[in-house]
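First comes the structure, then the notes that go with it.
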Amino acid sequence: MKDSSESHTSHIKFWRKRNKPELTLDDITIVDRKMLHRAVGAAALGNAMEWFDFGVYSFLAVTIGHVFFPSGSASAQLIAAFATFAAAFLVRPLGGLVFGPLGDRIGRQKVLAFTMIMMAAGTFSIGLIPSYERIGIAAPILLLVARLVQGFSTGGEYGGAATFIAEYSTDKRRGFMGSWLEFGTLGGYLLGAGLVTGLTALMSADQLLNWGWRIPFFIAAPLGLFGLYIRLKLEETPAFKKHMEKQDQIEDSKPRQTLFEMLRQYWRPMLQCIGLVLLFNVSNYMLTSYMPSYLTSVLGMSELSGLMLIIVVMFIMMPLTLLLGYSNDRLGRKPVLLAGAMGLILFSIPALMLIGNGSMWGVFGGLMLLGLVHTCFTGTMPSALPSLFTTNTRYSSLAIGFNISVSLFGGTTPLLTSWLVSETGNIMVPAYYLMGAAVIGAITVFSLKETARKPLIGSAPAVASKEEAKTLLKKLQLRRKKKEADKAVSH
């Protein structure tokens, strides 16, 4: 394993060009451990809130189809429910276009506080909407509006949260700290799924259909207020503070970069971001959003059995996500991501065959196989994605690239897969879909530069203590002297 100071050298040249001729102790960011833990907790909580909603919606998709759409075939109602689910993803890029640049201009913390308010309001309002039987076509329209509010706010959530954690973390532990963001994702999803499972077990089908399904959406309000309180208590990230200090020192600053200029300048990392997010989110939404309904509607499994199996898989994935976050700090982001992509190519068909045999253990084994592969992404993506971009455009670039990819490929996964299975009658379609995403993802991973244990682009090294900073400087000075000596000898 390489020493952490060696991992910093690849960005030192960049640092010298953009900032100062030589790195000094004042340049190195010494991370406050307590503030780091608070930042990670606040970011993870927001992601948990987002996925609490997704978990509830996915696990109640059949019920929501009955409540908000005209009676007809169960498949048509399910597809309509997933279409409303997917519609929210269409406005996510708009949210990224608004909140991303705002986060790069006024700060990450302020924008993340506002997105928390919008998410809570959108989720809570779904619980208030009357059924189709009571208000007719207005019911699905209001559901769509609430989902659009959620989608717009979420457009600024993940990119901001990942940026926030990445900029607060030390270079040596950015992978592990970032993995807590997805730990929050799984935790929120489990909370939503567990609540739905409890309601399904305790209530009759009529009670759940008439009013019980609303309870999870009402819980969003207190969760949102708690998350808002925590986020308002945070300070801005050290990297963004230093960036703003430099901007203030420049008297004749350049005009602010336009969106078109940013896309033209950073087209390569933007495409890499889209490819990675495609891989990440097709796998994610296939497992967490489509599989609950697949087990019930396609395989005929009881709702309670399907819910319990996926809850167990998610629970096992939580510690594994942290383990993969810890591992990619040492092994590198690329090997872990490539292992996940190859895992989907090799194991998607066996996993779907296990799920398709209908036995409880077979279904669990197939779901667990998909879940194990997916942890390669949950443990690595929160640190790999922010590392693609520079500090001055990180929030904007990540929010836009992430949400374009999620909208086109992630959020549409349940809808397209449901339609393809319905049209073809082939229950192996989900496996082929996953394999196609994995091929694109693997190609993208090969194009990446390794970023583990290195400073973020445009930022100085970030360490855990003053002693570590001094050690790093000494090693850099020794290396520079050795280079100068070798140069003198060669001349």
Side-chain angles (χ1 to χ4, degrees), residues 54-55 58-63 74-75 78-79 82 185-186 189-190 192-194 196-198 200-201 205 279-321 323-324 339-379 413-439 441:
F54 286 159
S58 299
F59 279 70
L60 286 173
V62 175
T63 302
S75 295
L78 180 62
I79 289 173
F82 276 137
T185 292
L186 293 168
Y189 190 91
L190 273 178
V196 173
T197 302
T200 304
L279 171 67
F280 180 26
N281 278 277
V282 168
S283 171
N284 187 17
Y285 288 105
M286 187 70 76
L287 180 64
T288 60
S289 299
Y290 178 67
M291 277 299 152
S293 299
Y294 178 81
L295 297 178
T296 304
S297 301
V298 178
L299 300 183
M301 182 176 286
S302 72
E303 285 189 42
L304 187 58
S305 298
L307 293 175
M308 289 302 297
L309 285 175
I310 291 183
I311 284 174
V312 172
V313 171
M314 297 290 110
F315 186 77
I316 295 173
M317 285 174 62
M318 290 179 75
L320 291 177
T321 291
L323 178 62
L324 267 295
M342 296 307 297
L344 283 182
I345 292 171
L346 295 174
F347 299 125
S348 289
I349 289 178
L352 264 292
M353 290 177 68
L354 283 171
I355 293 170
N357 77 16
S359 71
M360 192 68 71
W361 283 108
V363 173
F364 175 73
L367 292 174
M368 196 66 248
L369 192 55
L370 293 177
L372 289 173
V373 172
H374 187 60
T375 55
C376 292
F377 312 136
T378 57
T413 294
L415 176 62
L416 287 176
T417 310
S418 294
W419 179 78
L420 288 170
V421 170
S422 177
E423 288 294 309
T424 64
N426 187 344
I427 63 172
M428 295 301 292
V429 164
Y432 307 143
Y433 204 95
L434 287 169
M435 292 169 71
V439 170

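As the structure is a computational prediction, the values presented were derived from the model and not from experiment.
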What's the spacing between [X] [atom1] and [Y] [atom2] if we round to 0.5 Å?
X    : Y    : atom1 : atom2 : result
L324 : T375 : CG    : OG1   : 4.5 Å
L186 : L320 : CG    : CG    : 10.0 Å
M317 : T185 : CE    : OG1   : 10.0 Å
N284 : T378 : CG    : OG1   : 8.5 Å
L370 : F347 : CG    : CZ    : 11.0 Å
L279 : H374 : CG    : NE2   : 9.5 Å

Backbone N/O of [Y] and side chain of [X]: donor-acceptor pair under 3.5 Å:
X    : Y    : result
Y290 : L416 : no
T200 : V196 : yes
S422 : S418 : no

Legend entry - All side-chain contact (heavy atoms from CB on, under 4.5 Å) counterparts of A431, not counting sequence neighbours: S348, I349, L352, M428
Legend entry - L367: partners by side-chain contact (heavy atoms from CB on, under 4.5 Å), with sequence neighbours left out: L287, M291, L295, L309, I310, V313, I355, V363
Looking only at heavy atoms, which two atoms of [X] and [Y] are closest? And how far apart?
X    : Y    : answer
I427 : G356 : CD1-CA, 4.3 Å
G340 : V373 : O-CG1, 3.2 Å
G365 : L354 : C-CD1, 4.0 Å
P319 : I316 : CD-O, 3.3 Å
S302 : S305 : OG-OG, 2.8 Å

Legend entry - Sub-4.5 Å side-chain heavy-atom contact between S283 and T413: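 Result no, sub-4.5 Å side-chain heavy-atom pair not found.
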Legend entry - Side-chain heavy atoms of N281 within contact of F377, under 4.5 Å: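 The answer is no, as the side chains (C-beta and beyond) never meet within the 4.5 Å cut-off.
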Inset, instruction - Report the C-alpha distance between L420 and Y432 in whole Å, list the side-chain angles of each, state the deciding distance to 0.1 Å, and finish with yes or no for side chain to side chain contact (heavy atoms under 4.5 Å, CB included). - result: CA-CA 11 Å; L420 288 170; Y432 307 143; over 6 Å; no
Legend entry - Flag if over 12 foreign heavy atoms under 6.0 Å of CE, M435: yes
Inset, instruction - Step through the shown structure and confirm whether more than 12 heavy atoms of other residues, nucleotides or ligands are within 6.0 Å of CZ on F364. - result: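 Yes, because the 6.0 Å sphere around CZ of F364 holds more than 12 heavy atoms from other groups.
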